[in-house]
Amino acid sequence: MPAKILDGREIALKLGEHIQKEVVHLKQRFGQPLCLASLFIGENPATKLYITAQQKVASQMGIEFQLCHFPKNVTQKEILKLVDQLNKAPEVTGMILHFPLPEQIRRSEILRRVSPLKDVDGLTPENAGQVLLGHVRIGSCTAQAVMELIHATKINLRGKEAVIVGHSELVGKPVGLMLLEQLATVTTCHIATDERGILADHVRRAEILVVAVGKPGLIKGEWIRPGAVVIDVGISRVDGKVVGDVEYEKGEQRAGFITPVPGGVGPLTVMMLMRNVVKAYKFQRVKEA
Ligand code: NAP
């Protein structure tokens, strides 16, 4: 039997209704709009698509949107100056910095400079550290989207074999910690796992499989354990088509649940960003929020 499709758009729509209402309520209560600032350096087409989606969903949610776009030769000093301004600006609720960054920009220095109260991508040391402590305050949008999709299956994660492919700070690492918090048995695979030729062995064991690499077809359909929950985070463009990291047609025949690409993790990630803006607004005004 083919897998059940985990429709990220549908889940995002439901969450969006709740967020919209909360935004109306917060604006009435505090008399100030919510505003997301999006920092974009260079011309990466995938980032442009993500920003277009942010702009559209922010407007649907009643959240203002400010695009801060820089050419790829921008200096570290200029970016730090902007971060300082956004940290101080009372009208800005939160900021997100887009990757990849050009070589001259040092990511960790910038992330250390962003106020944790305005870090709506959950990547500052403070917010990322909270995930380690099992306490997601403002967490990575993509990692939270992955967890929402897994929860939508209603599968009890306790003791389940969870395999994550990819160990980035944005996706693989926080997802691993969040799954561990639910007492899944977590294995994280990365480039060296593949180099040793044992990626397939790990994937075959996975009852929960999360793949976040960005290499189309990396995960072969026949590796999928029958009945597994498969969350494909990868986004690549092949012959003008957007595809994930998992061989979808074959994977769908074996998995119990699977996310489509596009239409799985992506739409939910944007909605998680809006949820983080709402959280940040509350943290800035109500200590116990
Ligand atoms: P990233 O920072 O480039 O991380 C990719 C990870 O994959 C790294 O940990 C890398 O390991 C690992 N890797 C590379 N080749 C591998 C291989 N052959 N076998 C196993 N692991 C391998 O990327 P990211 O930011 O996590 O994003 C991953 C993918 O998700 C991209 O396609 C991105 O566009 C997509 N994405 C989608 C969303 C969404 O909302 N749908 C959000 C964020 C990202 P090493 O570092 O050790 O090489």
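All heavy atoms count here, side chains included; hydrogens, waters and symmetry mates do not. Whatever order the structure lists ligands and atoms in, that order sets their numbers, starting from 1.
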Student: CH2/Trp223 to CG/Leu209 distance, rounded to the nearest 0.5 angstrom?
Tutor: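 Here the interatomic distance stands at 10.0 Å.
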
Student: Verify the neighbour count for atom NZ of Lys48: are there more than 12 heavy atoms of other residues, nucleotides or ligands below 6.0 Å?
Tutor: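 Yes, the 6.0 Å shell around NZ holds more than 12 heavy atoms from other groups.
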
Student: Can you check whether Glu222 reaches Lys250 side chain to side chain, under 4.5 Å on heavy atoms?
Tutor: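 Result yes, sub-4.5 Å side-chain heavy-atom pair found.
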
Student: Could you find the nearest protein heavy atom to atom 13 (N) of ligand 1 and give me its residue, atom name and distance?
Tutor: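 Checking every protein heavy atom, the shortest distance to atom 13 (N) of ligand 1 gives Val213 CG1, 3.7 Å.
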
Student: Among all protein heavy atoms in this structure, tell me which lies nearest to atom 37 (C) of ligand 1, with the distance rounded to 0.1 Å.
Tutor: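 Answer for atom 37 (C) of ligand 1: Val233 O, 3.1 Å.
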
Student: Would you give me the side-chain donor-acceptor pairs under 3.5 Å for residues 264-275, sequence neighbours excluded?
Tutor:
unit_1 : atom_1 : unit_2 : atom_2 : d
Thr269 : OG1    : Val265 : O      : 3.0
Arg275 : NH1    : Glu148 : OE2    : 3.2
Arg275 : NH2    : Gln144 : OE1    : 3.3

Student: Does Ile235 reach the side chain of Tyr50, with side-chain heavy atoms less than 4.5 Å apart?
Tutor: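 A side-chain contact is absent here, since even the closest heavy-atom pair is not under 4.5 Å.
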
Student: If the cut-off is 4.0 Å to any non-hydrogen atom of Gly214, which atoms of ligand 1 fall inside it?
Tutor: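 Listed by number with element: 29 (C), 31 (C), 32 (O).
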
Student: Please say whether Thr142 places an N or O atom under 3.5 Å from an N or O atom belonging to ligand 1.
Tutor: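 Such a contact does not occur with ligand 1.
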
Student: I need the contact type for Asp194 against ligand 1. Using non-hydrogen atoms and a strict under-4.0 Å cut-off, is it side chain, backbone, both or neither?
Tutor: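 Near ligand 1, Asp194 shows its side chain, while the N, CA, C and O stay back.
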
Student: Do ligand 1 and His167 have nitrogen or oxygen atoms that lie under 3.5 Å from each other?
Tutor: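 Between His167 and ligand 1, an N or O pair is found under 3.5 Å apart.
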
Student: Which protein heavy atom lies closest to atom 21 (N) of ligand 1, and at what distance to 0.1 Å?
Tutor: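 The answer is His190 C, 3.3 Å.
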
Student: For residues Ile224 and Val246, determine if any side-chain heavy atom of one lies less than 4.5 Å from a side-chain heavy atom of the other.
Tutor: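 Counting from C-beta outward, Ile224 and Val246 do come under 4.5 Å.
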
Student: Around atom 12 (C) of ligand 1, find the nearest protein heavy atom and jot down its residue, atom name and distance.
Tutor: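 Result for atom 12 (C) of ligand 1: Gly166 CA, 4.0 Å.
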
Student: Among all protein heavy atoms, pick the one closest to atom 40 (O) of ligand 1 and tell me residue, atom and distance.
Tutor: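 Checking every protein heavy atom, the shortest distance to atom 40 (O) of ligand 1 gives Thr269 OG1, 2.9 Å.
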
Student: Less than 3.5 Å between some nitrogen or oxygen of Ile235 and one of ligand 1, yes or no?
Tutor: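 Yes.
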
Student: Measuring from Leu15:CG to Glu10:CD, what's the distance to the nearest 0.5 Å?
Tutor: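 Interatomic distance, Leu15 CG to Glu10 CD, rounded to 0.5 Å: 11.5 Å.
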
Student: Below 4.0 Å from ligand 1: does a non-hydrogen atom of Gly234 turn up there or not?
Tutor: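 The answer is yes, since Gly234 has a heavy atom less than 4.0 Å from ligand 1.
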
Student: How about NZ on Lys56, more than 12 heavy atoms from neighbouring residues, nucleotides or ligands closer than 6.0 Å, or not?
Tutor: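 Open.
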
Student: Where's the contact between Leu268 and ligand 1, heavy-atom distance under 4.0 Å: side chain, backbone, both or neither?
Tutor: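 The answer is neither; Leu268 stays 4.0 Å or more away.
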
Student: Contact between Ala46 and ligand 1, counting heavy atoms under 4.0 Å?
Tutor: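 So Ala46 does not count as touching ligand 1.
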
Student: Under 4.0 Å from a heavy atom of Ser168: give me the atoms of ligand 1 that qualify, with their elements.
Tutor: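 Ligand 1 atoms under the 4.0 Å threshold to Ser168: 2 (O), 4 (O), 9 (O), 24 (P), 26 (O).
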
Student: Using a 4.0 Å cut-off to any heavy atom of Leu170, which atoms of ligand 1 qualify?
Tutor: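 Listed by number with element, the hits are 25 (O), 43 (C).
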
Student: Between Arg225 and Glu161, does any side-chain N to carboxylate O distance fall below 4.0 Å?
Tutor: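 No, Arg225 and Glu161 are not salt-bridged.
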
Student: Applying a 4.0 Å heavy-atom criterion (strictly less than), which segment of Thr193 is in contact with ligand 1: side chain, backbone, both, or neither?
Tutor: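 Near ligand 1, Thr193 shows nothing, with every heavy atom at 4.0 Å or more.
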
Student: Looking at Lys173 and Leu170, would you say the former's side chain and the latter's main chain have a donor-acceptor pair under 3.5 Å?
Tutor: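 Side chain of Lys173 to backbone of Leu170: no pair is present.
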
Student: Below 4.0 angstrom from a heavy atom of Val171, which ligand 1 atoms are there? Numbered from 1 as shown, please.
Tutor: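 Counting from 1, the qualifying ligand atoms are 26 (O).
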
Student: Can you tell me which residue pairs pass the side-chain hydrogen bond (donor to acceptor under 3.5 Å, both in side chains) test with a partner in residues 61-75, sequence neighbours excluded?
Tutor: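 The answer is Thr75-Glu78.
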
Student: Just jot down the ligand 1 atoms closer than 4.0 angstrom to any heavy atom of Lys215, in number order.
Tutor: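 Taking each heavy atom of Lys215 in turn, ligand 1 has 14 (C), 15 (N), 16 (C), 18 (N) under 4.0 Å.
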
